[in-house]
Amino acid sequence: MAVAERYAVKESEAHWQQVWAERACFRATEDPERPKYYVLEMFPYPSGRIHMGHLRNYTMGDLVARYRRARGHMVLHPMGWDAFGLPAENAAIQRGVHPATWTRENIAAMRDQFKPMGLSIDWTREIATCEPEYYRHEQKMFLDFLKAGLAYRTETWVNWDPVEHTVLANEQVIDGKGWRSGAPVERRKLAQWSFRITRYAEDLLQAIQDLDRWPDKVRAMQTNWIGRSEGARVRWDLADRDDALEVFTTRPDTLYGASFCAISPNHPLAAELARDNPDLAAFIAECARLGTSEEAIETAEKRGFDTGLRAVHPLDPSWTVPVHVANFVLMEYGTGAIFGCPAHDQRDFDFARKYDLPILAVVAPRDTDPVAFAADLTAGTEAFVGDGVAINSRFLDGLGVADAKRAVIERLESLGKGEGTVQYRLRDWGVSRQRYWGCPIPVIHCPSCGIVPVPEDQLPVTLPEDVTFDAPGNPLDRHPTWAHVDCPTCGTAARRETDTFDTFVESSWYFARFCAPHSDTVAFDRAAVDYWLPVDQYIGGVEHAVLHLLYSRFFMRALRDCGYLAGAEPFAGLFTQGMVTHETYQAADGSWLEPAEVERTDDGGARRLSDGAPVTVGRSEKMSKSRRNTVDPERILDTYGADAARLFIVSDNPPDGDMEWSDAGLEGAWRYVNRIWRLVAAPPVPLPPAGTPVPVADLDAPTLGLYRRAHKTIAGVTEDLERFRFNTAVARIRELTNALGDLKADAPGAAAVARFCVETAVRLLNPMVPHLTESCWQALGGSTILAESDWPQADPAHLVDDTVTLAVQVNGKLRGNVSLPRDCPKAEAEAAALAVDNVRAHTEGKTIRKVVVVPNRIVNIVVG
RNA sequence: GCGGACGUGGCGGAACUGGUAGACGCAGCGGACUUAAAAUCCGCUUCUCGUUGAGAGUGGGGGUUCGAGUCCCUCCGUCCGCACCA
């Protein structure tokens with residue numbers, strides 16, 4: 001092969017990356033006259049190594065960014081580092097390296113690994129959340145939240161990891177155990193800083209409806225997480241006591257079916273009663289031991305302890321029910337107390353069976369005999385939770401469930417015994433972490449003034465560098481001087497808050513900071529933020545569907561209400577990409593082998609490269625260190641170059657699904673990269689100079705067909721990219737280049753058409769394989785570079801053909817084809833269809849009952 | 001249990017609002033080029049029977065329709081999220 005025909009990947013990719021950098025092609029600038037487009041991938045944690053998930057994530061984002069730039073948008077596509085967090089402290093403990101050093105070195109290493117991908121990122125906007133220039137603004141926000149009542153300190157039950165010596169977020173507790181330590185998590189009551197996310201519960205919920213460019217799946221998950229339920233709070237006076245029990249219910253219509261009340265083992269009343277009742281205290285202790293792991297809940301039976309107290313029915317003072325402490329009542333939801341209506345709630349039913357409590361049906365399905373229904377239900381094992389009409393319910397009898405709810409609430413309100421209310425599952429966000437490597441919470445605890453915010457002119461509160469990790473717990477707590485300060489208000493000796501923020505706080509506003517990352521006086525330059533926000537396309541893993549995305553939505557609202565910015569929704573469009581998976585390999589002794597250690601054999605098996613020992617091929621799973629089925633992106637980029645990797649990533653399967661990484665697939669992409677280059681360097685037809693017009697009128701039918709195919713490809717690819725269908729976009733371009741093989745070189749205008757097709761393919765492929773296509777474009781004699789060029793335009797006149805092929809069916813079965821002028825009259829199509837030989841064979845001797853003609857598509861002849 | 005997504009060749013996957021199922025790629029088979037190999041190019045590749053052709057076919061069953069992968073009912077199965085949420 002001639003030298004000119006071989007594509008020099010390394011030289012090409014390095015060259016174009018340098019050209020783009022020199023020309024500052026990807027520097028984001030604001031131009032109010034032009035449409036903007038903000039593309040953002042979820043920023044990475046600087047672990048020090050990029051992985052395949054990064055490669056996939058940033059390839060997709062880059063594709064979108066390059067496409068939008070070509071479409072004439074002012075594009076913002078920045079990169080930063082989610083740089084606080086536990087791994088840095090673990091590295092400090094294990095290897096004695098300071099978290100700051102470890103993090104900064106990792107950032108440098110990962111930046112070096114990202115650069116060869118050829119991403120169209122504005123690197124001048126790079127931020128790292130661990131730097132004081134970044135987190136100082138977060139501290140100011142916190143002070144403003146404090147003033148606005150959006151941040152507060154309270155004693156809450158937390159998940160405490162006894163090994164890590166810190167609080168864990170709910171998502172860090174897996175099956176009741178710490179996600180890193182594996183130690184059973186303890187429930188502890190601690191004074192914690194919390195953000196009042198519940199203030200926006202209704203707004204966060206309602207606004208989900210307008211997030212029409214978010215996946216339905218994520219919208220559903222957020223909706224469920226917020227967990228709105230309408231119902232009533234009902235007060236049950238306690239007999240022989242001065243106080244009352246407040247319960248929450250979604251079924252106030254079943255109040256006349258109540259047979260007990262139950263309170264959580266963590267309910268204050270339970271604690272009070274337990275003081276004089278050792279048996280109850282023992283019961284409560286046992287409930288706590290049972291824990292909250294999934295299988296514990298699954299298998300635990302309903303258990304209760306009768307307190308001996310009686311609660312007075314709110315609608316009938318002569319009616320009392322027993323009050324139990326029950327293991328299935330959660331303190332965290334509602335009021336921590338319920339009334340039990342066994343007939344219409346399965347849990348209450350099970351409980352009533354066990355403790356022999358009455359089961360009285362108060363709702364019956366319409367059109368059933370209430371007496372018989374009630375008898376069946378009482379005798380059976382299942383509660384009735386469906387819709388119906390009230391029975392055995394005095395003034396409610398005959399009302400439907402919805403009407404009965406309204407009527408009861410009205411009665412309760414008039415009696416002062418309760419009121420209609422809305423309950424949310426969502427809880428406030430506890431943000432305190434007993435950790436060093438996080439943003440310091442800027443408050444001071446003063447023995448005489450209490451909690452005193454750090455004055456704004458003293459921000460930022462920076463982390464001390466001289467810390468030790470030789471003992472468990474928070475190094476800030478042990479630091480000899482850092483925490484000891486004078487109270488800003490009264491001047492007496494006081495102590496800094498030593499907790500730091502949950503790292504989800506930094507990621508809740510970084511997207512806004514990217515709009516003007518270097519403004520040091522304010523967190524957000526209003527003009528820049530108003531121009532760029534919201535993010536038009538956010539891309540990341542679905543694992544953040546609830547927490548990060550919900551926290552960010554909360555933060556935008558809180559920042560808006562504190563006067564920082566105007567919008568409420570951070571991400572107008574969201575795309576959740578799937579995981580990267582790979583086959584797993586196990587040696588005979590069960591140990592896992594890396595893909596690089598294994599070779600596939602022709603019979604479909606595999607063997608170890610080192611000694612030829614047989615290897616068991618397991619199913620494809622998410623790449624993980626434990627199964628050793630990871631592939632190192634750095635090596636891929638080094639061997640095949642960025643373009644082949646990028647092409648494989650976007651062409652293999654739909655981007656929202658899991659992608660199976662395979663060497664064969666990558667090599668297929670690599671072959672295509674080289675094929676495209678050959679198309680330019682050694683075209684099937686000598687190409688005329690750039691700008692040679694296509695002599696459309698002179699083209700014969702096949703050549704015109706190819707020319708039109710190129711226009712259709714432009715239209716199709718454009719549509720596919722708009723809809724995130726990268727795989728079909730690539731397939732269309734491959735079809736075009738395949739079709740080029742059928743071009744007759746000596747046909748009139750063939751060379752000009754060939755040039756048009758090659759140019760089109762190159763331009764359409766640019767967002768996927770930017771380096772290769774720049775080289776191609778240059779070789780084709782392009783006067784610009786593609787990174788600064790416009791997206792091709794399809795000519796609508798060439799999107800339709802003059803001649804169309806119609807399928808001909810007889811009784812719905814395909815029997816032939818006919819070629820006809822586009823939009824020809826139905827009668828003509830019918831006649832042509834009936835004339836097809838094979839059609840005649842199937843209609844001969846039969847009566848034609850009906851002929852269906854769908855113009856330009858199909859003719860169906862119905863015979864009988 | 002609740003909510004969501006989904007089920008198409010050996011594999012990943014195409015198929016616009018019902019209109020020629022299997023685009024494109026991977027793997028496989030055959031051929032060309034080559035002393036040979038690699039690379040490249042061309043052809044075949046859902047299954048069954050076969051010469052043209054025919055029959056079957058989108059998880060199973062049923063329905064609507066001239067026509068169903070697509071719509072409806074029902075059953076089976078897979079994946080994801082939440083879960084004693086009152």
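Chain letters run A, B, ... following the sequence lines, proteins first, then strands; residues in each count from 1.
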### Task
Tell me what A/V730 touches on the nucleic acid: a base, only sugar-phosphate, or nothing, going by heavy atoms under 4.0 Å.
nothing
### Message
Return a single string for nucleotides 12-17 of chain B, one symbol per nucleotide in 5' to 3' order, where B is base contact, S is sugar-phosphate-only contact and - is none, cutoff 4.0 angstrom on heavy atoms.
### Response
SSSSB-
### Summary
Taking for A/R251 and for A/R732 the nucleotide of RNA chain B with the nearest heavy atom, the one nearer the 5' end belongs to A/R732
### Query
Out of B/G19, B/C84, B/C41, which has the shortest distance to the side chain of A/Q809?
B/G19
### Task
Establish, with yes or no, whether the OP1 or OP2 oxygen of B/A39 is under 4.0 angstrom from a side-chain nitrogen or oxygen of A/R678.
no
### Query
Considering only heavy atoms from C-beta outward, does the side chain of A/H324 approach that of A/F305 to under 4.5 Å?
no
### Message
If I pick the C1' atom on B/A15 and the same atom on B/U20, what distance separates them, to the nearest angstrom?
### Response
11 Å
## Note on the structure
From CZ of A/R840 across to P of B/G53 the rounded distance in Å is 16 Å
### Message
Salt bridge or not between A/D801 and A/K712? Use side-chain N to carboxylate O under 4.0 Å.
### Response
yes
#### Entry: Nearest-Å distance once atom P is located in both B/G13 and B/G57
25 Å
### Spacing of A/K405 atom NZ relative to B/A86 atom C1', expressed in whole Å
12 Å
#### Entry: Side-chain donor-acceptor contact under 3.5 Å, A/R553 with A/Q222
yes
### Paired nucleotide for B/G3 [Watson-Crick or G-U wobble; both distances under 3.5 Å]
B/C80
### Task
For the residue pair A/V862 and A/I848, establish whether any side-chain heavy-atom pair is separated by less than 4.5 Å.
no
### Task
Please state the P separation for the pair B/C26 and B/C16 - nearest whole angstrom.
24 Å
### Query
If you measure from the Lys or Arg side-chain nitrogens to the Asp or Glu carboxylate oxygens, is any gap between A/E419 and A/R233 under 4.0 Å?
no
### Summary
Under a 3.5 Å limit on both distances, the Watson-Crick or wobble mate of B/G57 is none
### Query
So, A/K846 and A/E844, do they make that salt bridge, N to O below 4.0 Å?
no
### Summary
Comparing nearest nucleotides in RNA chain B, the 5'-proximal residue of the pair A/V546, A/I338 is A/V546
#### Entry: Between B/U65 and B/G1 - P atom distance, rounded Å
36 Å
### Query
P atom, B/A23 versus B/U46: distance in rounded Å?
8 Å
### Task
Whole angstrom is fine here: how far is it from CD in A/E667 over to P in B/G25?
16 Å
### Task
For the side chain of A/N838, starting at C-beta, report the closest nucleotide among B/G19, B/A54, B/C66.
B/A54
### Query
Which part of the nucleic acid, if any, lies within reach of A/R675 when heavy atoms closer than 4.0 Å are counted: base, sugar-phosphate only, or nothing?
sugar-phosphate
#### Entry: Atom-to-atom span, CG of A/L814 to P of B/A56 - whole angstrom
13 Å
### Query
Can you tell me how far P in B/U64 sits from the matching atom in B/U70, rounded to whole Å?
15 Å
### Task
Would you kindly give the CD-to-C1' distance between A/E382 and B/G1, to the nearest whole Å?
11 Å
### Task
Let me know the distance between CD of A/E332 and C1' of B/C82, rounded to the nearest Å.
16 Å
### Query
Base, sugar-phosphate, or nothing for A/N738, non-hydrogen atoms under 4.0 angstrom?
sugar-phosphate
### Query
Could A/E719 and A/R725 be called an ion pair, given the rule that one side-chain N must be under 4.0 Å from one carboxylate O?
no
### Message
Using a 4.0 Å heavy-atom cut-off, does A/R347 contact any base of the nucleic acid, only the sugar-phosphate backbone, or nothing at all?
### Response
base
#### Entry: Anti versus syn assignment for B/G9, with syn defined as within 90° of 0
syn
### Query
Got a salt bridge between A/R732 and A/D720, using NZ or NE/NH1/NH2 to carboxylate O under 4.0 Å?
yes
### Message
Using Watson-Crick or G-U wobble geometry with both distances under 3.5 Å, which nucleotide pairs with B/A38?
### Response
none
### Message
Can you tell me which nucleotide in B/C84, B/A27, B/U20 comes closest to the side chain of A/A664?
### Response
B/A27
### Query
Which part of the nucleic acid, if any, lies within reach of A/T223 when heavy atoms closer than 4.0 Å are counted: base, sugar-phosphate only, or nothing?
nothing
### Query
For A/G668, which contact category applies under a 4.0 Å heavy-atom criterion: base, sugar-phosphate, or nothing?
sugar-phosphate
### Task
For A/I226 and B/C85, give me the distance from atom CD1 to atom P, rounded to whole Å.
19 Å
### Distance in angstrom units between A/W670 CH2 and B/U40 C1', rounded
14 Å
### Task
Would you check, one step at a time, whether the test salt bridge (charged side-chain N to carboxylate O under 4.0 Å, His left out) holds for A/R219 with A/D216?
CA-CA 5 Å; A/R219 297 206 287 176; A/D216 288 344; 3.2 Å; yes
### Message
Is there a side-chain contact between A/H344 and the phosphate of B/A86, meaning an N or O under 4.0 Å from OP1 or OP2?
### Response
no
### Task
Look at the side chain of A/N224 and the base of B/C82, then say whether one donor and one acceptor between them are separated by less than 3.5 Å.
no
### Message
With rounding to the closest Å, how many angstrom separate the P atoms on B/A14 and B/C82?
### Response
27 Å
#### Entry: Between B/G55 and B/G10 - P atom distance, rounded Å
22 Å
### Task
Could you tell me whether A/V862 contacts a base, only the sugar-phosphate backbone, or nothing, with contacts defined as non-hydrogen atoms closer than 4.0 Å?
sugar-phosphate
### Message
Please tell me if A/R671 has a side-chain N or O lying less than 4.0 Å from either OP1 or OP2 of B/G25.
### Response
no
### Task
Compare side-chain N and O positions of A/K217 against OP1 and OP2 of B/C79 and report whether any pair is under 4.0 Å apart.
no
### Query
Do the side-chain N or O atoms of A/R219 get closer than 4.0 angstrom to the phosphate oxygens (OP1, OP2) of B/G3?
no
### Message
Could you tell me the Watson-Crick or G-U partner of B/G67, where both distances fall under 3.5 Å? Say none if there is no partner.
### Response
none
### Query
Looking at A/E230 and A/K405, does any basic side-chain N land under 4.0 Å from a carboxylate oxygen?
no
#### Entry: Counterpart residues, salt bridge (Lys or Arg N to Asp or Glu O under 4.0 Å), relative to A/R708 (two or more places apart)
A/D802
